[in-house]
Number of protein chains: 2
Amino acid sequence: MTPRPSFKIPKIPEMTIRRLSVYTRCLLQLEEDGVKTVSSEELAERFNLNSAQVRKDLAYFGEFGVRGIGYYVSGLKAELQRILGLDREWQVALVGFGNLGSALFNYKGFAHQGFRISVIFDDDPQKAGRTVDGVPILPLRELAQEAKGRNLQIGIVAVPPAAAQAVADRLVAAGIKAILNFAPTRLKVPKDVRLQNVDLSIELETLSFYLAQVSR
Amino acid sequence: MTPRPSFKIPKIPEMTIRRLSVYTRCLLQLEEDGVKTVSSEELAERFNLNSAQVRKDLAYFGEFGVRGIGYYVSGLKAELQRILGLDREWQVALVGFGNLGSALFNYKGFAHQGFRISVIFDDDPQKAGRTVDGVPILPLRELAQEAKGRNLQIGIVAVPPAAAQAVADRLVAAGIKAILNFAPTRLKVPKDVRLQNVDLSIELETLSFYLAQVSR
DNA sequence: GTGTGATAGTGTTCCTGTTCACATGGCTCC
DNA sequence: GGAGCCATGTGAACAGGAACACTATCACAC
């Protein structure tokens, strides 16, 4: 569906990337626990996956394993972090500082993986101009300028659905190439902009569907 | 991967369900705009999908369309709402009232689709015992009892990863069959419990991966 | 009442991702 | 230094979802 731009690496399934992220988290834990090596089998059963899948996922990016041994935890962790771009700091712009926006901002899980919300945009005059934890809240019109100055690379859309497309358009115009959208709308963005949607309604309604099935 | 319990309806792809949810939202909008009928083609291009896919998705559940015309907006909307179980009210338990938990609670998008957070659980003594917007915050130990009394059907897990599995176990023990998990952990639940994960780190790291690719 | 046009429903094909199974190759122990 | 072990890496089979193309059917015009 999404025609992928031509990367060095030929054709990585989306699902592989998502699993890479999961593996990384697991390896972080294993390293903390002092585990030195881990086999694809062990890794697989933690997420009830197939061990072949784990190996194939990793093999897309190189030969990280040692036959007869498995994978060295810290080595693999470092590789995956590099592949996922977690070895650097990304400057993130958060647009919308309502309930969801402020929760995302206060959620400390991001920072420690290199995602830094360095500026917030919100047109509400009650909010714009203030500062939270040293991060300025600015009106949306300053986005283009700030994007350059702060080298913003990721935009998080946490505004009401009606405003989401307009916000996305401005993020794109400001040269941002990666958007995480929380608004329950399908945004239209150019092909070279990577869009990731998180739609809470869909998740809940999927649950609701299954409940409705069993109770029918 | 997920061995599905045997429903009346034989084999609905997960992706179909998710799209159903999207169609429903679109139909709601169309109805508001006074549109009477819509073709699979029109519906498809709003989400850049294939029209055949739209038709197939809908045909899983019956023949809702009229050849030569399309689908009647309000009729189809009602059908989809019924299929998704949105024609009734679900009682939802929110576990964890930290940043994310309270944002979810305050997010008004849920209620209007029939998802009612009727009780919150949090063991923090600062919170337990209080009431927000008429909804009680209770210690986790009261879960089992409340689940029965309030007929809770959906549990939302918004606690730190370390506590998530324990919470899930208690939700399962309390007879809850549908869990929406926001903790960045893979939870283990029995096969008859439907688990839906929302993992913000994965989404961000997917973006990060693509950014890292293009900038290499 | 009949013809025409438009669009739903569906069998088939295609393609992508998952699983299987085996051969490859490094490590260890004798 | 050689033999055996054991887990990786990978080509091939398999499965499931998406796209295509065709057929059936309905509404409306004449």
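What you are looking at is a predicted structure, and each value in this text was computed from that prediction instead of being measured. Below, chains carry the letters A, B, ... as their sequence lines are ordered, and counting in each starts from 1.
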What is the distance from [atom1] of [X] to [atom2] of [N], rounded to the nearest Å?
X: B:L49; N: D:dG17; atom1: CG; atom2: C1'; answer: 13 Å
X: B:E14; N: D:dG17; atom1: CD; atom2: C1'; answer: 13 Å
X: A:I12; N: C:dT16; atom1: CD1; atom2: P; answer: 14 Å
X: B:L43; N: C:dG9; atom1: CG; atom2: P; answer: 12 Å
X: B:R18; N: D:dG17; atom1: CZ; atom2: P; answer: 14 Å
X: A:R55; N: C:dC22; atom1: CZ; atom2: C1'; answer: 11 Å
X: A:M15; N: D:dG17; atom1: CE; atom2: C1'; answer: 13 Å
X: A:F64; N: D:dA7; atom1: CZ; atom2: P; answer: 20 Å

If you look at every strand shown and take non-hydrogen atoms under 4.0 Å, does A:G68 touch a base, only sugar-phosphate, or nothing?
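The residue A:G68 makes base contact.
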Would you classify B:S51 as touching base, sugar-phosphate or nothing, given that sugar-phosphate means primed atoms plus P, OP1 and OP2, and contacts are heavy atoms under 4.0 Å?
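Since no nucleic acid heavy atom lies under 4.0 Å of B:S51, the category is nothing.
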Could you work out which one of [options] sits closest to the side chain of [X]?
X: B:Q53; options: C:dT7, D:dA18, D:dG9; result: D:dA18
X: A:A52; options: C:dA8, C:dC20, D:dA18; result: C:dC20
X: A:V66; options: D:dT10, D:dC20, C:dC27; result: C:dC27

Does CZ in B:R116 sit with more than 12 non-hydrogen atoms of other residues, nucleotides or ligands closer than 6.0 Å?
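No, the 6.0 Å shell around CZ holds no more than 12 heavy atoms from other groups.
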If you find the nucleotide of DNA chain C closest to B:E41 and the one closest to A:I69, which residue's nucleotide is nearer the 5' end?
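On the 5' side of the pair lies B:E41.
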Let me spell it out: for each of A:T16 and B:L58, pick the nucleotide of DNA chain C with the closest heavy atom. Which residue's pick is nearer the 5' end?
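Going by which nucleotide is closer to the 5' end, it is B:L58.
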Against B:Y210, only a single residue in B:L207, B:T206, B:V214 fulfils side chain to side chain contact (heavy atoms under 4.5 Å, CB included); can you say which?
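Single side chain to side chain contact (heavy atoms under 4.5 Å, CB included) partner of B:Y210 among B:L207, B:T206, B:V214: B:T206.
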Report yes if some heavy atom in the side chain of A:R19 is under 4.5 Å from a heavy atom in the side chain of A:Q53; otherwise report no.
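Result yes, sub-4.5 Å side-chain heavy-atom pair found.
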Look at the side chain of A:K56 and the base of C:dT19, then say whether one donor and one acceptor between them are separated by less than 3.5 Å.
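Between C:dT19 and A:K56, which were checked side chain against base, a qualifying N/O pair under 3.5 Å is present.
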Within the modelled atom types, does a donor on one side and an acceptor on the other bring the side chain of B:R67 and the base of C:dA6 under 3.5 Å apart?
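No such pair is found, so the answer is no.
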Looking at A:Y71, I'd like to know whether one of its side-chain N or O atoms comes within less than 4.0 Å of OP1 or OP2 on D:dG9.
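True: A:Y71 side-chain N/O within range (under 4.0 Å) of D:dG9 OP1/OP2.
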Does D:dA7 have OP1 or OP2 sitting under 4.0 Å from an N or O in the side chain of A:S39?
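No, outside the criterion.
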Taking the six-membered ring for Trp, are B:F105 and B:F97 parallel (under 30°), tilted (30 to 60°) or perpendicular (over 60°)?
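Taking B:F97 first and then B:F105, their aromatic rings stand perpendicular (interplane angle over 60°).
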Cationic N near anionic O, under 4.0 Å, A:D199 to B:R25
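Yes, this pair counts.
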